[in-house]
Amino acid sequence: ETDEGRGGRLAFPDGFVWGAATAAYQIEGAAAEDGRGRSIWDSFSRVPGKVADGHTGDVACDHYHRYAEDVRLMAGLGLAAYRFSVAWPRVRPTGSGPVNPRGLDFYDRLVDDLLAHDIAPYPTLYHWDLPQALEDCGGWTSRDVAYRFADYATAVHDRLGDRIRTWTTLNEPWVAAFLGYGSGVHAPGRQSPAAAFRAAHHLLLGHGLAASALRAAGAAEIALTLNLAPVIGPGDAAPAIATVDGLLNRQFLDPALRGSYPGDVLEIAARHGGLDHIRDGDLEIIRQPLELLGINYYNPSFVSSAPGEPANPAFPGTEGVRFDPPAGPTTAMDWPIDPAGLESLLLRLSHDYPEVGLLVTENGAAFDDVVRDGQVSDPERVGYLDAHLRAAHAAISAGADLRGYLVWSLLDNFEWAYGYHKRFGIVYVDFATQRRIPKESALWYREVIGRNGLSYGSQGDR
Ligand code: GBH
C-alpha cells in the first residue's frame with residue numbers, strides 16, 4: 001500500500017528494497033593481490049591526462065581488506081540490499097583460462113558476511129573492469145569477448161549461486177561502449193564510432209549469453225542495468241531528441257526486452273562502420289527473459305537543434321545537435337538536478353516495457369563535502385535523495401512496478417576520470433586514513449528505511 005499521509009508518512013510498498021551500490025574498481029583497491037589480473041582501468045588510469053591528478057584504483061577505499069567494517073556500517077544503516085560488482089580480473093586474471101579461486105574467495109566472504117547481517121547481495125558481473133588481456137585481443141569490439149563473459153559469469157555462479165537470488169549481468173553498456181570506445185574518456189580510451197557500435201552489440205550479446213547461462217544454472221532473478229534518461233528539448237528539436245533517445249535508451253532497451261534494434265539506431269550504425277557485426281540469431285540470444293530492469297538515473301539529457309554543430313563523440317550521428325542543460329541547480333559534477341525526470345522515466349518504462357519489474361540500481365549526487373568537528377553535513381544530498389524518492393513514490397502511485405531503490409553510493413570512491421575528487425557517498429571516506437564517517441544523508445537514509453517511507457515536515461517539504 002502506498003497511501004499518502006497516514007501517520008504523516010509517504011509510505012513505500014511492503015517489501016520495497018532499500019539499499020546502496022558500489023563497484024569493484026571504485027572501492028576495492030588491492031589491485032595486485034591474491035592473483036588479480038590487470039584490467040583496462042589499471043592501464044587507462046596510468047595514461048597521463050586520462051584521470052584527474054593521475055589517481056588510480058590501486059588502493060581506493062581499501063574495501064578488499066575492510067569489507068567487514070563496511071558490512072557492519074551497512075547493517076547499522078539498516079540496508080536490506082547491497083549492490084556490488086565482481087571484478088572479472090580477480091576471477092579470471094587473463095579473462096579466459098583458469099579460474100583464480102583466491103579471487104572468488106573474496107566475494108564468498110563478502111556474500112556470507114552480508115547474509116549474516118540480513119543484507120541481500122546484488123552482484124553485478126561487469127562494471128567496466130575488462131581484463132586487459134582481453135582488450136589486447138580487441139576488447140568489446142571482438143565478438144569472442146561476449147562468449148568469455150558468459151564463461152566468467154558461469155564461474156561466478158558456480159561459486160556463489162547457492163546464496164544469490166538476483167544477478168545483474170552488465171552495468172551501463174552505453175557507457176562501456178560509447179565512453180570507452182567512442183569518446184575515449186573512459187577505459188580503454190579508444191575513439192572510434194564504429195568501435196563503439198560494435199562494442200555495444202557485443203556487450204548486449206554478452207548479456208544475452210550470460211543471462212541464458214545463469215538461467216540454465218538456476219538463477220532465480222536476472223537483471224540488466226542501463227543508464228537511462230529522458231531526453232528533453234524544445235519543440236523544434238524533435239529529430240535531435242529522437243536521435244539521442246535512440247542511442248542512449250532504445251539501443252539497449254529494445255534488443256534486450258523486445259529482441260530488435262530500433263531502425264533509427266541501425267541507420268546511424270550503418271553509416272559508422274556498418275552492421276556486419278550483427279549476425280543472424282544474435283537478437284534471439286540478446287532477448288532473454290528478465291525479471292528486473294536496473295535503472296541508473298542521474299539527470300535528463302537536454303538537447304537543442306544547432307545546425308553546424310559537430311557530432312558529440314559519445315553520440316555518433318548527432319551532427320547539428322547541441323547538448324546543453326538549461327540554467328538551474330546542479331551537483332558538483334555540474335549535472336542538473338531534475339527529480340521529475342525520474343518519475344517520467346519510470347512511467348515511460350512501465351508503459352513501453354510493461355513485462356519487466358523496475359529497480360533503481362543507482363541514483364545519487366556528488367557535492368563538495370567537508371568534515372567539521374568529525375561530522376559531515378550534506379543537506380544538498382539529503383534534498384536530492386528526498387526529492388528523487390518523492391518522484392519514485394509518485395511513479396509507483398501512478399502504477400510503475402518499482403521494486404526498490406539503491407543509492408549511489410555507499411562510500412565516496414574512485415569516480416572514474418574524476419579520480420577521488422568527486423564524492424558520491426552517503427558515507428565519507430578520508431582516503432588518507434581510510435576512516436569512514438556516515439554523512440548526515442546516511443543518518444537520514446537510515447530513518448527513511450526504518451519507516452519504509454518519507455515523513456512530512458522534515459526534509460523535502462519544499
Ligand atoms: C554511473 O555512471 C556509474 O555506474 C558509476 O560507476 C558512477 O560512479 C556514477 O554513475 C557516478 O558518475 O549526455 O553525454 O552528458 C553514470 C554515467 C554519466 C552516463 C552522465 C550519462 C551523461 C551523458 N552517466 N552521462 S551526456
Side-chain angles (χ1 to χ4, degrees), residues 20-28 39 41 51-52 55 57 60-61 83-85 87 122 124-129 168-180 182-187 196 200 203 224-233 240-241 243-249 251-252 294-304 309 311-318 321-325 330-338 341 345 360-367 381 384 388 406-426 429:
T22 64
Y25 191 71
Q26 295 182 271
I27 66 162
E28 285 179 0
S39 85
W41 271 96
V51 174
H55 290 172
C61 306
R83 172 180 182 253
F84 58 96
S85 78
Y122 278 65
T124 298
L125 290 164
Y126 187 68
H127 200 127
W128 311 347
D129 44 1
T168 301
T169 55
L170 306 176
N171 179 70
E172 301 189 348
W174 180 83
V175 170
F178 288 86
L179 301 189
S183 71
V185 305
H186 279 194
L203 280 153
L224 168 66
T225 282
L226 302 176
N227 56 299
L228 299 170
V231 184
I232 299 174
I241 292 170
T243 299
V244 174
D245 180 62
L247 292 165
L248 194 62
N249 299 317
Q251 177 171 201
F252 299 92
I295 299 154
N296 293 354
Y297 173 77
Y298 290 90
N299 51 258
S301 284
F302 295 91
V303 299
S304 57
E309 187 87 7
N312 179 331
F315 292 91
T318 55
V321 178
R322 181 173 303 142
F323 292 73
D324 232 352
T330 57
T331 69
M333 301 292 283
D334 292 326
W335 294 350
I337 299 175
D338 193 331
L345 175 64
V360 172
T361 38
E362 288 182 26
N363 175 242
F367 290 103
R381 184 172 291 100
Y384 181 101
H388 284 78
L406 310 178
V407 65
W408 185 269
S409 179
L410 177 71
L411 302 170
D412 292 338
N413 60 48
F414 176 78
E415 177 51 31
W416 306 114
Y418 298 86
Y420 297 97
H421 294 293
K422 302 295 180 194
R423 296 181 174 273
F424 275 89
I426 56 172
V429 177

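Any value given below was found using the heavy atoms of this structure, including those in side chains, with hydrogens, waters and symmetry copies removed. Atoms within a ligand are numbered from 1 in the order they appear, just like the ligands themselves.
Ring pair Trp128/His186 is tilted by interplanar angle, where 30° to 60° counts as tilted.
The proximity of Ala23 to ligand 1, defined as any non-hydrogen pair under 4.0 Å, does not occur for either the backbone or the side chain. Of all the heavy atoms of Gln26, the ones lying under 4.0 Å from any atom of ligand 1 belong exclusively to the side chain. Contacts between Asn171 and ligand 1 below 4.0 angstrom, taking non-hydrogen atoms only, involve the side chain exclusively. Only the side chain of Val175 comes within 4.0 Å of ligand 1, judged by heavy-atom distances.
Atoms of ligand 1 found under 4.0 Å from any heavy atom of His127, numbered from 1 in the order shown, are 3 (C), 4 (O), 5 (C), 6 (O). Within the listing of ligand 1, atoms 13 (O) sit less than 4.0 angstrom from a heavy atom of Ser301. The atoms of ligand 1 that sit less than 4.0 Å from any heavy atom of Trp416 are 5 (C), 6 (O), 7 (C), 8 (O).
Side chains of Arg381 and Phe424 form no contact here, defined as non-hydrogen atoms less than 4.5 Å apart. At least one side-chain heavy atom of Val303 sits less than 4.5 Å from a side-chain heavy atom of Ile241.
Of all protein heavy atoms, the one closest to atom 14 (O) of ligand 1 is Phe315 CE1, 3.4 Å. Taking atom 2 (O) of ligand 1 as the reference point, the nearest protein heavy-atom neighbour is Glu172 OE1, 2.9 Å.
Protein heavy atoms are found inside the 4.0 Å sphere centred on atom 18 (C) of ligand 1. Taking a distance limit of 4.0 Å, we find that atom 12 (O) of ligand 1 is approached by some protein heavy atom.
Between Ser301 and Leu248, the closest heavy-atom pair is OG-CD2, 3.8 Å.
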